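Everything on this sheet refers to the single structure shown next.
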Amino acid sequence: RGPGEPFYFLTMLPYTSGDLHVGHWYAMAPSDAAARYRRMRGRLVFFPIGFDAFGLPAENAAIKQGIHPHKWTYDNIDRMRGQLKSMGAMFDWPHEAISADPEYYRWNQWFFLKFYEKGLTYRALAPANWCPSCQTVLANEQVLPDGACERCGTAVTHRDLEQWFFKITAYADELLDFSHMEWPDRVMTMQRNWIGRSEGVEVAFGLDVPGVEDKELRVFTTRTDTIYGVTFMVLAPEHPLVPLITTPDRRAEVDAYIAQARRQTEIERLSTERDKTGVFTGAYCRNLLSGEAVPIWIADYALAWYGTGAVMGVPAHDERDFEFAQQFGLPVRVVISPPDWDGGELREAFVEPGAMVNCGQFDGLPNEEGKSAIAGYLEQQGWGRRTVTYRLRDWLISRQRYWGTPIPMVHCPKDGVVPLPEEQLPVLLPQDAEFKPTGESPLAAHEGFVNVRCPRCGGPARRETDTMDTFMDSNWYFIRYLSPDYDQGPFDPELARRWVPVSQYTGGAEHAVMHLLYARFFWKVIRDLGLVHGDEPFLRLFNQGQILGPDGQRMSKSRGNVVAPDVQVDRCGADTFRCYLMFIGPWDEGGPLGLQGIAGVERWLNRAWNLVLGQAGFGGEGSARAIRHLTHKTVRRVTEDFEEFRWNTAIAALMEMTNGLTQARDAGPVDRDAWEEAVQSLLLMMAPLAPHIAEELWERTGRPYSVHAQAWPAGDPELAREEEITLVVQVNGKVRDRIQAAADIAEGEAKELALASPLVRRHLEGHEIARIIYVPGKLVNIVVR
RNA sequence: GCCGAAGUGGCGGAAUUGGCAGACGCGGCAGACUCAAAAUCUGCUGGGGGGCAACCCUCGUGCCGGUUCGAGUCCGGCCUUCGGCACCA
């Protein structure tokens with residue numbers, strides 16, 4: 001660490017999956033280069049590392065190989081730590097944190113209690129994948145594409161369980177604010193779409209069902225202008241009104257439909273490709289605006305959790321509703337007139353703007369105006385209210401698993417759900433639980449764990465046996481890194497004040513939505529608890545791409561396309577492998593990892609080695625300007641590339657510089673000062689990329705340890721400037737000549753040169769010059785007729 | 001299906017705002033060095049056509065269309081591949 005302003009450089013912590021994968025190198029080696037660069041730019045850099053240690057794979061290993069999840073995880077950590085060290089990264093190892101340590105997860109529990117106190121948690125029924133044969137909850141990953149259990153092949157169904165939620169929706173609007181963050185546009189767009197804010201109206205439709213006249217059917221719509229066009233209603237199969245309104249003659253069919261809907265995945269249900277399905281409940285509701293009776297259907301394209309779980313069917317002006325109406329022969333009523341409509345049947349839904357028709361008092365209004373006019377009317381009549389709905393759902397944090405953070409709550413027959421007092425933390429995960437699938441949540445079968453005294457009444461009670469989603473661990477690990485041994489709270493507040501938020505975060509694009517959204521939410525909550533300052537946890541974000549096997553497929557042992565970093569490091573060295581990963585292409589694109597090209601990087605590092613240690617002949621003062629120009633041009637290019645994580649072009653520039661210097665040396669004596677400056681600059685720029693080789697060369701050339709503690713070379717723009725340019729001359733946009741010219745050539749002179757070129761004149765013959773376009777320093781385009 | 005990206009020589013890729021398509025590297029071919037090989041170094045290397053030659057012409061950035069003096073880059077419509085889709089992390 002050098003002196004200077006703090007700079008927190010964070011790379012996503014690795015999951016303890018086993019051996020270190022090339023993907024880890026691809027994520028971390030460039031991050032290390034960037035962190036080293038920041039340090040050379042004079043910042044006090046914190047670059048920590050840790051392990052994301054809870055999760056399903058540890059339990060799978062336990063079940064398949066009979067190894068305890070704790071042993072599996074910590075053995076993996078030991079191996080990965082050693083492999084990480086071979087990378088030569090400047091990781092701050094004394095600050096390592098491991099999420100499966102009780103010293104870590106006790107604070108997950110502490111945060112959970114704080115969220116509970118703040119009213120940000122609640123319990124509700126939520127569906128979980130359920131294998132009726134194994135009698136166990138399955139993760140999505142454990143359900144095969146055809147909907148079968150990966151263990152036994154039985155068809156997986158859904159089962160409702162009482163589970164814990166965090167109210168992330170309470171922060172939905174704030175999470176839409178990305179100002180003051182330097183994040184990739186695509187990540188912000190994905191988060192914006194994930195949150196999916198829509199403004200609309202919640203409208204009540206009276207129920208025409210004997211016995212439930214006191215209830216009403218509420219629908220959310222952004223299209224109030226189409227309410228007169230409602231010809232049916234669609235409820236989610238799980239909608240609570242369904243059992244109440246279904247007529248006896250429809251019940252069997254409705255129940256069968258609900259059962260089949262429970263087997264569908266959400267992606268299947270929302271697919272616009274497949275044919276619409278649904279059944280009629282036999283019940284009707286009343287369209288308060290038109291006074292008409294509207295049949296109520298259920299269909300799986302309505303989702304219980306979105307809006308009110310009910311969709312008003314306007315087939316004339318919504319594509320899905322149109323398809324549904326076609327499928328079931330429901331009427332289509334046009335209420336927004338297509339421009340050349342003859343009053344006949346529509347062939348497809350009309351979703352463009354237009355004038356309202358068949359809308360009583362609202363006829364003739366442009367539909368955009370009709371939207372607010374009808375919304376206002378509904379509010380005035382007390383039939384509806386303007387509201388905002390989000391696609392974002394609250395965060396289901398419960399997992400029915402062993403290898404995670406126990407939720408610090410107690411269920412008391414007398415007092416209900418009771419939080420544990422802070423002093424009783426941590427709730428330790430018992431080492432001797434039966435984590436093999438038995439039909440019950442693993443912790444539920446552990447008598448010693450489950451039975452507890454109620455903190456309120458002291459009577460016998462049961463512990464909560466769900467554990468937390470592992471995304472809880474990754475919400476705040478970067479703050480724990482600051483003081484991993486701190487035991488007075490989750491982190492040392494003094495250090496937090498100085499070091500967070502994170503200056504630069506790097507990690508895989510696969511985390512663009514979930515982890516990065518949960519972590520932002522978590523930060524905002526603990527900010528409101530007064531624990532941290534600032535509105536965002538990660539000021540700058542860079543997502544690297546995913547590295548694939550040489551065959552372009554995702555690397556996996558079963559495909560046999562795994563590139564093991566250890567093997568490569570043994571063969572060509574850590575620096576070569578690091579540089580190669582940075583050289584293969586833009587960091588945010590990833591892609592297939594062939595190993596043919598590695599020789600090029602190896603040769604470059606060898607050439608640089610020989611250049612630095614080889615003898616140059618001095619005394620050639622005439623070479624000074626050219627060498628200095630090369631040096632400062634390269635410094636400028638490499639600096640710009642480093643700022644934007646463009647490693648591939650930075651390395652290309654350094655290769656060009658190495659080649660240029662080699663040529664200059666071989667051409668004859670060189671200017672001593674210019675040469676020394678060039679070699680020194682080259683070493684400094686190589687240092688973040690190839691830390692071992694740069695250090696070795698730095699020392700062997702008698703320079704003071706360490707190259708990594710030096711300042712980044714300062715580029716002189718005057719020396720970097722090109723004196724000559726290639727002026728491109730086009731006729732009608734086709735290149736006809738290239739003329740060397742002074743960089744500051746005047747427009748008139750450039751045009752004269754262009755018109756004087758014989759190659760150009762050939763193409764002007766017999767034509768009239770219409771105009772001449774001049775782009776300073778670049779080109780002249782002569783437009784002819 | 002929905003949301004977000006990407007598609008350029010034999011291969012990885014370059015082209016900062018619309019202005020020389022193919023930087024840098026791999027591979028290939030030819031040559032130097034060597035008894036020989038390896039290593040290293042030098043030159044050439046998108047397709048087609050023309051020229052003894054220096055060179056010149058022409059086509060070319062997934063596909064179809066458009067805007068522009070000029071499009072890999074912008075717009076509209078497709079195709080393919082990749083990431084995410086809430087219990088993999």
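Just so it is clear: chains get the letters A, B, ... in the order the sequence lines come, proteins before strands, and each one is counted from 1. Side-chain atoms are counted along with the backbone in the values below, which use heavy atoms only and exclude waters and symmetry mates. Here the structure is a predicted model, which is why all the values come from computation and not from measurement.
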- Base, sugar-phosphate, or nothing: which does A:P586 touch, judged by heavy atoms less than 4.0 Å apart? sugar-phosphate

- Flag the pair A:E238 and A:R269 as a salt bridge only when some basic side-chain nitrogen lies within less than 4.0 angstrom of an acidic carboxylate oxygen. yes

- Just checking A:R785: base, sugar-phosphate only, or nothing, at a heavy-atom cut-off of under 4.0 Å? nothing

- Between A:Q191 and A:R520: side-chain donor-acceptor atoms closer than 3.5 Å: yes

- Query: Taking A:Y505 as the fixed residue, which of A:F538, A:F542, A:W183 is the one that meets the ring-ring contact (aromatic ring centres under 6.0 Å, His included) rule?
  - Reply: A:F538

- Task: Mind checking A:V513 for me? I need base, sugar-phosphate or nothing, with any heavy atom below 4.0 Å counting as a touch.
- Result: nothing

- Message: Please classify the nucleic acid contact of A:T726 as base, sugar-phosphate, or nothing, using heavy-atom distances under 4.0 Å.
- Response: base

- Do we get A:R391 above A:W194's six-membered ring, with its NZ or CZ under 6.0 Å from the centre and within 45° of the axis? yes

- Task: Determine the contact category for A:M514: base if any of its heavy atoms lies under 4.0 Å from a base atom, sugar-phosphate if only primed atoms, P, OP1 or OP2 are that close, otherwise nothing.
- Result: base

- Task: For A:Q544, answer base if it contacts any base atom (sugar-phosphate contacts may also be present), sugar-phosphate if it contacts only those atoms, and nothing otherwise; contact means non-hydrogen atoms under 4.0 Å.
- Result: nothing

- Message: By the 4.0 Å heavy-atom rule, please label A:N140 as base, sugar-phosphate, or nothing.
- Response: sugar-phosphate

- Task: Using distance alone, with no hydrogens and no angle criterion, decide if A:Q264 and A:D300 have a side-chain donor and acceptor under 3.5 Å apart.
- Result: no

- Paired nucleotide for B:rC52 [Watson-Crick or G-U wobble; both distances under 3.5 Å]: none

- Message: With a 3.5 Å limit on both atom pairs, tell me what B:rU40 is paired to, counting Watson-Crick and G-U wobble, or say none.
- Response: B:rA32

- Query: Between A:Y15 and A:S99, do the side chains contain an N or O donor and an N or O acceptor separated by less than 3.5 Å?
  - Reply: no

- Task: Classify the nucleic acid contact of A:E640 as base, sugar-phosphate or nothing, counting any heavy atom under 4.0 Å across all strands shown.
- Result: base

- Query: Who is the Watson-Crick or G-U wobble partner of B:rG70, with both distances under 3.5 Å?
  - Reply: none

- Item | Along RNA chain B (nearest heavy atom to each residue), the more 5'-positioned of A:A139 and A:Q663 | A:Q663

- Message: Need one value for A:W604: base, sugar-phosphate or nothing, where a base atom within 4.0 Å counts as base even if backbone is also close, heavy atoms only.
- Response: nothing

- For A:V137, answer base if it contacts any base atom (sugar-phosphate contacts may also be present), sugar-phosphate if it contacts only those atoms, and nothing otherwise; contact means non-hydrogen atoms under 4.0 Å. base

- Could you let me know what B:rG1 is paired to, Watson-Crick or G-U wobble, both distances under 3.5 Å, or none if it's on its own? B:rC85

- Query: What residues, two or more places apart in sequence or in another chain, satisfy salt bridge (charged side-chain N to carboxylate O under 4.0 Å, His left out) together with A:E747?
  - Reply: A:K751

- Message: Need the pair for B:rU17. Rule: Watson-Crick or G-U wobble, both distances under 3.5 Å, any strand; none if unpaired.
- Response: none

- Query: NA contact type, A:Q730, heavy-atom cut-off 4.0 Å: base, sugar-phosphate, or nothing?
  - Reply: base

- Task: Would you mind telling me which residue lines up with the more 5' stretch of RNA chain B, A:R738 or A:L56, judged by nearest nucleotide?
- Result: A:R738

- Message: Base, sugar-phosphate or nothing for A:R736? Non-hydrogen atoms, less than 4.0 Å.
- Response: sugar-phosphate

- Watson-Crick/G-U partner (both atom distances under 3.5 Å) of B:rG27: B:rU45

- Item | Span of RNA chain B in contact with chain A (heavy atoms, under 4.0 Å) | B:rG1 to B:rA89

